[in-house]
There are 2 protein chains.
Amino acid sequence: MSESGNAQPIYAIIATNLRERIFAGKDNPGDVLPSENTLCGRYEVSRETVRKAFKQLENEGLIYSRPHLGYFVSDPHHDEFTLTFSEEMENCWSKYRDVHGILPDEEVQEALQIPADKKVIEFSRITYDGDMPVALDIKYLPYDRAYPSVESEIRYAVFPEMAAAKVTPFDFYTKMEVRAVSARGDVAEALECGTDEPLLLIIRRFIQQDGTRIGYSKHYVRQPYGKLQGISGYRQNV
Amino acid sequence: MSESGNAQPIYAIIATNLRERIFAGKDNPGDVLPSENTLCGRYEVSRETVRKAFKQLENEGLIYSRPHLGYFVSDPHHDEFTLTFSEEMENCWSKYRDVHGILPDEEVQEALQIPADKKVIEFSRITYDGDMPVALDIKYLPYDRAYPSVESEIRYAVFPEMAAAKVTPFDFYTKMEVRAVSARGDVAEALECGTDEPLLLIIRRFIQQDGTRIGYSKHYVRQPYGKLQGISGYRQNV
DNA sequence: GAGTGGTCTAGACCACCTC
DNA sequence: AGGTGGTCTAGACCACTCA
C-alpha cells in the first residue's frame with residue numbers, strides 16, 4: 001500500500017477504481033460496466049489504455065466481456081479451491097521399500113488404461129517423521145516407457161519429476177482425488193499403525209495431453225500429517 | 001497473412017506457434033523466447049500485436065516476462081490443484097436439525113477470532129441419501145452480524161450464500177482444510193454410523209478481505225460420498 | 001550505446017447488437 | 001445509424017540491463 005507519488009500506470013489506476021466499486025458492492029454480478037469510450041472520456045486517455053484496465057480485471061476473474069454488448073461483473077466462484085499437494089513433507093525423510101515389475105490388477109488396468117498382460121512397475125515408498133512412518137506412497141508406471149534406467153535414480157525421485165523425465169514439462173496434467181480410508185492390511189502394516197486409524201488417501205493420475213496415461217499413484221497419509229489446505233475466491237493482492 | 005479461412009487473429013496465431021514450441025519441448029522452462037522486435041520482424045506485424053500474443057501466454061501461465069530482459073518459459077506447477085467443493089450433494093436432501101446461539105469453545109473462538117463471551121450461532125445440518133445420513137455440517141457465525149432474521153430462510157441456505165447475505169460478493173474468500181477423521185460421539189450418532197468409520201472432514205473459514213472472520217464450518221462426509229476431485233497442470237483447451 | 005520490455009497515443013476498420 | 005467491443009498500426013518516451 002505504498003503510494004507516495006504516482007508510480008502506478010494509468011491503466012492500473014482505472015482498474016483499481018473499477019475493482020473498488022465491485023468490492024464495495026456498487027457494481028454487482030451481472031451489472032454492466034461503463035463502456036470503453038465512456039471511460040476514455042472520463043479519464044481522458046486513449047482507448048487502448050482503458051482496454052488494458054478491463055483486460056486486467058478480466059484476467060483476475062472479476063469481469064467478463066460480451067462483444068458488442070459491454071463488460072459485465074462476473075459471478076464469484078466461492079466453491080472453487082486452489083490447493084497444493086506434494087509428496088515431499090517437511091522435516092521428513094523417505095525411502096523406497098520396493099521397486100519391481102508386476103502384472104496390473106483391475107484397478108491399475110483401469111487407471112493406466114492398459115490390458116491385463118501388460119507389465120507395470122510398482123514403486124512403494126514410505127515417508128518417516130523421525131522413526132515413525134507417516135505416509136505410504138504406491139506408484140504405478142507403464143513398463144514399456146523408458147524410465148531412468150539406473151534404479152538408484154528412481155529411488156529418490158518423486159512423481160511429477162518422474163513423469164517429466166519422459167514427456168515435456170507441459171505435456172501432461174494431473175487429476176487428483178481425495179478420500180478418507182481406514183488403515184487396513186498391508187497399509188496398516190507399512191505405516192505401523194492400528195487398523196481403523198483414519199488415513200487421507202490422495203489418488204493421482206498423470207495424463208498426457210493426448211490422453212495417454214503415464215502414471216498412477218496412491219498416497220496414504222496418517223493424520224494430522226499431509227493436511228491439505230486450499231483457498232478460494234478473490235484475494236486482494238493487487 | 002495466409003488465407004484459407006483464417007478466422008484467428010494474428011496475435012492468436014503467434015501465441016499458438018509459441019505455445020506449440022513449448023509443448024513440443026523446443027522451448028523449456030527457463031529458456032528465453034524471441035524478443036518482441038524479433039517477432040515483429042518475423043511476422044511483419046506491429047509491436048502491440050506481438051505483445052498481445054505474449055500477454056495471452058502469460059495469462060495462461062506458460063511464460064513470464066522479466067522487464068528489460070525478455071520473456072521466459074515458466075516452470076509448470078504440477079503440485080497445484082484446482083478443485084470444487086460444495087455442500088450440496090447430488091440426489092440428496094438435507095435438513096437443519098439445530099439452530100441456536102451458544103458461547104464458543106476454544107476452537108470456535110480461534111476460528112472466528114472472537115472472545116469467549118461473544119455469542120455465536122451454531123447451525124447443524126444433516127444431508128441424506130434417501131434415508132441414510134451421509135454428511136453432517138456444523139457452521140458457526142458471529143452473533144452480532146445481522147443474518148436473515150427469519151429463521152426459515154436460514155434453514156435452506158448453504159454457506160457461500162449465507163456469507164454473501166451480509167458482505168458484498170467479492171468481499172470475502174474461503175480457506176479450506178481437508179482431513180481424515182474417525183466418526184466419534186456426536187458425529188457418529190448424527191450420521192448413524194459405527195465408531196471408527198473413516199470420514200472426510202472439510203473445514204472452511206470464511207474471511208472478509210479486511211481479515212474479519214464471518215464464518216466457520218466443519219463438514220463431515222461419509223465415504224464414498226463427497227469425493228473431492230481436482231486437476232492440475234496446463235490443460236490444452238485453446 | 002544498443003537492446004529490452006512497459007506504457008501510451010490517435011488514429012483505423014471490422015462485426016455485431018439494438019433501436 | 002449509432003454504439004459496442006475486437007483487432008491492428010506506426011509511431012513515441014521511459015527505465016532498466018548488459019556488454
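Sequence lines set the chain letters: A, B, ... in the order given, protein chains first and strands last, and positions in each chain run from 1.
Applying the ring pair (Phe, Tyr, Trp, His ring centres under 6.0 Å) test to Phe72(B) and every residue at least two apart in sequence or in another chain returns Tyr64(B).
Considering only side-chain N and O atoms, Ser65(B) lies under 4.0 angstrom from the phosphate OP1 or OP2 of dG6(C).
Looking only at side-chain heavy atoms (C-beta outward), Val50(A) and Arg42(A) stay at 4.5 Å or farther from each other. Residues Leu39(A) and Phe54(A) are in side-chain contact: their nearest non-hydrogen atoms beyond the backbone lie under 4.5 Å apart. When side chains are defined from C-beta on, Leu201(A) counts as touching Tyr220(A), because their heavy atoms get closer than 4.5 Å.
Proximity of a side-chain donor or acceptor of Ser232(B) to a complementary backbone N or O of Phe81(B) within less than 3.5 Å is not detected. Judged by distance alone, with hydrogens and angles left aside, the side-chain atoms of Gln223(B) form a donor-acceptor pair with the main-chain N or O of Ala180(A) at under 3.5 Å. The main-chain N or O of Gly130(A) is found under 3.5 Å from a side-chain atom of Trp93(A) such that the two form a donor-acceptor pair. With Asn28(A) contributing its side chain and Gly25(A) its backbone, the two residues share a donor-acceptor pair below 3.5 Å.
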Go through the steps for Val167(B) and Thr212(B) under the test side chain to side chain contact (heavy atoms under 4.5 Å, CB included), then give the verdict.
CA-CA 11 Å; Val167(B) 297; Thr212(B) 306; over 6 Å; no
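Contacts of residues 31-38 of chain B with DNA chain C (heavy atom under 4.0 Å): Ser35(B), Glu36(B), Asn37(B). Residues from residues 66-76 of chain A that place a heavy atom under 4.0 Å from any atom of DNA chain C, listed by number: His68(A), Leu69(A).
Here the two rings, on His78(A) and Phe206(B), have centers that are 6.0 Å apart or farther.
Among the atoms of the strands shown, only primed sugar atoms or phosphate atoms (P, OP1, OP2) are found under 4.0 Å from some heavy atom of Tyr11(B).
Of all heavy-atom pairs spanning Gly211(A) and Gln113(A), the tightest one is O-OE1, 4.4 Å.
For Tyr43(A) and dT7(C), the OH to P distance is 17 Å, given to the nearest whole Å. Per the geometry, OH belonging to Tyr64(A) stands 17 Å off P belonging to dT4(D), to the nearest Å. The interatomic distance linking Arg51(B) (CZ) with dT4(C) (P) rounds to 13 Å, in whole Å. As a whole-Å value, the separation of Leu39(A) CG from dT4(D) C1' is 13 Å. Distance, Ile63(A) CD1 to dG5(D) C1': 12 Å, rounded to whole Å. When rounded to the nearest whole Å, the span between NZ of Lys52(A) and P of dG5(C) equals 14 Å. In this structure, CD of Gln8(B) is placed 10 Å from P of dC8(D), rounded to the nearest angstrom. If you measure from atom CD1 of Ile14(A) to atom C1' of dC8(C), you get 11 Å, rounded to the nearest angstrom.
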For nucleotides 10-13 of chain C, give me every protein contact, N/O to N/O, under 3.5 Å, one pair per line with atom names.
{"from": "dA12(C)", "atom 1": "N6", "to": "Arg47(A)", "atom 2": "NH1", "distance (Å)": "3.2"}

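Remark: the Tyr234(B) side chain and the Gln209(A) side chain contain no N/O donor-acceptor pair separated by less than 3.5 Å.
For the helix from dG1(C)-dC18(D) to dT18(C)-dA1(D), the rotation axes defined at the first and last 5 base pairs enclose an angle of 0°, given to the nearest 10°.
The aromatic rings of Phe123(B) and Tyr96(B) sit perpendicular to each other, their planes meeting at more than 60°, with 30° as the lower class boundary.
Applying the salt bridge (charged side-chain N to carboxylate O under 4.0 Å, His left out) definition to pairs two or more places apart or across chains, none involves residues 67-82 of chain B.
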